[in-house]
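Please read the structure below before turning to the comments.
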Amino acid sequence: MDYVEILDWLRESRPTRLAALWQRADQTRRQQVGREVHLRGLIEVSSHCIRRCWYCGLRADRRDLPRYRLSESEIMACVQQAVDRGYGTVVLQSGEDPGLTADWIARLIGRIKSETPLAVTLSLGERTEEELFQWREAGADRYFLRFETSNPTLFGRLHPPRNQESDGVQNCSDSLEHPRLKLLTLLRQMGYEVGSGVLIGLPGQTYEDLAEDILWFARLDLDMIGVGPYLAHPATPLAERKTCLNLPPEYQVPASMEMTHKVIALARLVCPRANIPATTALGVQGGLQGWRLGLQRGANVLMPNLTPPAYRRLYEIYPNKEQPIADQRETLERFLAELGRLPGRSRGDSPNYLLRQSKRDSSQKITCSLSETIPHG
Ligand code: SAH
């Protein structure tokens, strides 16, 4: 699928045409990743953050929000819940928090990997190459880092660099300078299963930007793709002074449920073997219907929140962050059964990752056997 076709779909509004897109995405999902819906237990381990992303309610400048960092035993209790409920993976997510030291996280990963059969996904923001490597060595399986938008100018505006004091407008000139695109390539080289995604409907985001984002999913050959609508948080500069990024309405991508479903469907078509969640933000915006349609339009993952409720409401990246289904396993199973789907029974590794690993293994075997058969002179 090329840029023009993607752009046409993003601008398409005729229900009969869109029905064809939903059907293609659902069929591809069924053929490539099957009927299972993998369940990932989400643990929001810390709400401390040193960054000042313009859209995010956890940004450092927000002084009115009490912050927390879970203890190792609190996290291990959540991990145990994931095991008890039969999930295959835990996702450790946080703000960008230097208080989560590399050694502490490495020890935690070591414990989860030695005491449970779970896969571990990290989503801890932009960390150094050494830290990411140390965590991979400690046993982390996957890393999830959204590039948020591939438009380097828009990215620069919304993500002031760490050392910048004011909220001044920043620019970076090309994609190679996009810090997250660079990090994602590094994560791949370290052998992580790699996930990324974007925000949909960020003020200042054009249809062309979003089409380019989807092409980046394919260029990065992503194993996991998580996308969600931008939900304005009143305590952030983007909600307060969005006028500075205002585009004429015909250029601005709407932060709508339908647009999010389109991006899920297109992500499924450009990366057929990727794991794609119906995200919390989609559930917050569209309720159960947001998830239901998400799963019928390309998605194959749900991420039930395991963070203890007292902390959960403090991890306030956007307001009203409540999931449409309560935590009970039976409710979730009934919801999936109504869609003709099954809860995943395994770790739910991405078939894309497994294929890449097996290609790598067999090319190594060929290289080895060639070097054995070629006589050395
Ligand atoms: N610090 C980690 C995790 C951030 S929270 C990181 O930077 O990767 C996870 C995701 O929440 C972010 O990647 C962002 O896409 C999303 N998010 C943040 N603010 C949001 C908002 N106002 N509306 C919708 N999604 C938001």
Side-chain angles (χ1 to χ4, degrees), residues 40 42-62 65 67 69 91-100 105 121-128 131-132 135 142-150 154-155 158-162 178-184 187 192 194-205 210 213 222 224-240 242 245 253-257 259-260 263 277-286 290 303 305 307 311-312 314-323:
R40 323 293 199 199
L42 176 65
I43 311 174
E44 294 154 335
V45 295
S46 164
S47 67
H48 290 270
C49 191
I50 56 168
R51 304 305 291 260
R52 291 159 40 252
C53 306
W54 271 34
Y55 46 82
C56 182
L58 293 186
R59 65 199 310 276
D61 298 21
R62 229 188 125 199
L65 181 73
R67 309 281 173 154
R69 192 177 291 124
V91 181
L92 307 179
Q93 197 186 77
S94 71
E96 222 163 280
D97 176 12
L100 297 175
I105 292 287
T121 303
L122 302 176
S123 174
L124 306 175
E126 294 169 37
R127 302 288 299 232
T128 65
E131 291 171 323
L132 298 171
W135 297 338
R142 312 180 186 138
Y143 207 97
F144 186 78
L145 180 75
R146 286 187 179 170
F147 59 80
E148 316 289 6
T149 169
S150 62
L154 185 59
F155 185 92
L158 298 175
H159 301 89
R162 249 175 268 202
H178 192 303
R180 293 195 161 201
L181 291 176
K182 259 200 263 183
L183 264 181
L184 288 164
L187 288 162
Y192 279 101
V194 178
S196 192
V198 294
L199 280 163
I200 295 164
L202 274 171
Q205 182 185 47
L210 192 53
D213 292 347
L222 293 177
M224 308 176 275
I225 301 170
V227 299
Y230 159 66
L231 302 169
H233 192 304
T236 61
L238 198 56
E240 281 170 8
K242 58 179 172 220
L245 292 171
V253 171
S256 66
M257 180 164 96
M259 187 57 71
T260 305
V263 178
T279 55
T280 306
L282 179 60
V284 167
Q285 185 186 53
M303 299 174 58
N305 197 328
T307 314
Y311 297 114
R312 202 180 294 182
L314 298 177
Y315 195 83
E316 201 188 58
I317 44 186
Y318 44 78
N320 310 315
K321 211 178 95 280
E322 279 303 316
Q323 289 194 317

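None of these values were measured; they are calculated from a predicted model. Whatever order the structure lists them in is the order used to number ligands and atoms, beginning at 1. For this chain, numbers begin at 1 and follow the sequence in order. Values below: all heavy atoms of this structure, side chains included; hydrogens, waters and symmetry mates excluded.
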query: Nearest 0.5 Å, what's the CD1-OG1 distance between Ile200 and Thr149?
result: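 These two atoms lie 11.0 Å from each other.
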When rounded to the nearest 0.5 Å, the distance separating CG of Leu42 from OG1 of Thr279 is 11.0 Å
At a non-hydrogen distance cut-off of under 4.0 Å, which region of [X] contacts ligand 1 (side chain, backbone, both, or neither)?
X	result
Ile317	both
Ala281	neither
Gln93	side chain
Cys53	neither

The one among [options] that brings a heavy atom closest to [atom]:
atom	options	answer
atom 3 (C) of ligand 1	Ser94, Cys49, Gly226	Ser94
atom 20 (C) of ligand 1	Tyr318, Trp54, Tyr230	Tyr318
atom 18 (C) of ligand 1	Tyr143, Phe144, Tyr55	Tyr55
atom 23 (N) of ligand 1	Ile50, Leu202, Ile200, Leu231	Leu231
atom 8 (O) of ligand 1	Arg127, Glu126, Glu96, Arg180	Arg180

Would you please say whether a donor-acceptor pair under 3.5 Å links the side chains of Tyr230 and Gln205?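 No, Gln205 and Tyr230 have no side-chain donor paired with an acceptor closer than 3.5 Å.
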Heavy-atom contacts with [X] under 4.0 Å: which atoms of ligand 1 show up? List them by number with element.
X	result
Leu145	8 (O)
Leu199	15 (O), 24 (C), 25 (N), 26 (C)
Gly125	1 (N), 2 (C), 6 (C), 7 (O), 8 (O)

Where Leu314 and Ser47 come nearest, the two heavy atoms and their spacing
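Closest pair (atom of Leu314, atom of Ser47, distance): O-CB, 4.0 Å.
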Between Arg180 and Glu126 (salt bridge meaning N to carboxylate O under 4.0 Å), is one present in this structure?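 Salt bridge: yes.
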Checklist entry - Parallel under 30°, tilted from 30 to 60°, perpendicular over 60°: which one fits the rings of Tyr55 and His159? => result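 Because their plane-to-plane angle is over 60°, the rings of Tyr55 and His159 count as perpendicular.
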### Query
Can you check whether Glu148 has an N/O within less than 3.5 Å of an N/O in ligand 1?
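It does: an N or O of Glu148 is found under 3.5 Å from an N or O of ligand 1.
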Next item on the list: Looking only at distances, please establish whether an N/O atom of ligand 1 is found under 3.5 Å from an N/O atom of Arg146.
Entry: yes
Quiz item: Under the side-chain contact (heavy atoms from CB on, under 4.5 Å) criterion, do Arg69 and Asp97 qualify, and how do the steps go?
Solution: CA-CA 9 Å; Arg69 192 177 291 124; Asp97 176 12; 2.7 Å; yes
Close side-chain approach of [X] and [Y], heavy atoms under 4.5 Å:
X	Y	value
Trp135	Tyr192	yes
Glu316	Lys321	no
Pro319	His233	yes

Contact check, Pro229 vs ligand 1, heavy-atom distance below 4.0 Å: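 The answer is yes, since Pro229 has a heavy atom less than 4.0 Å from ligand 1.
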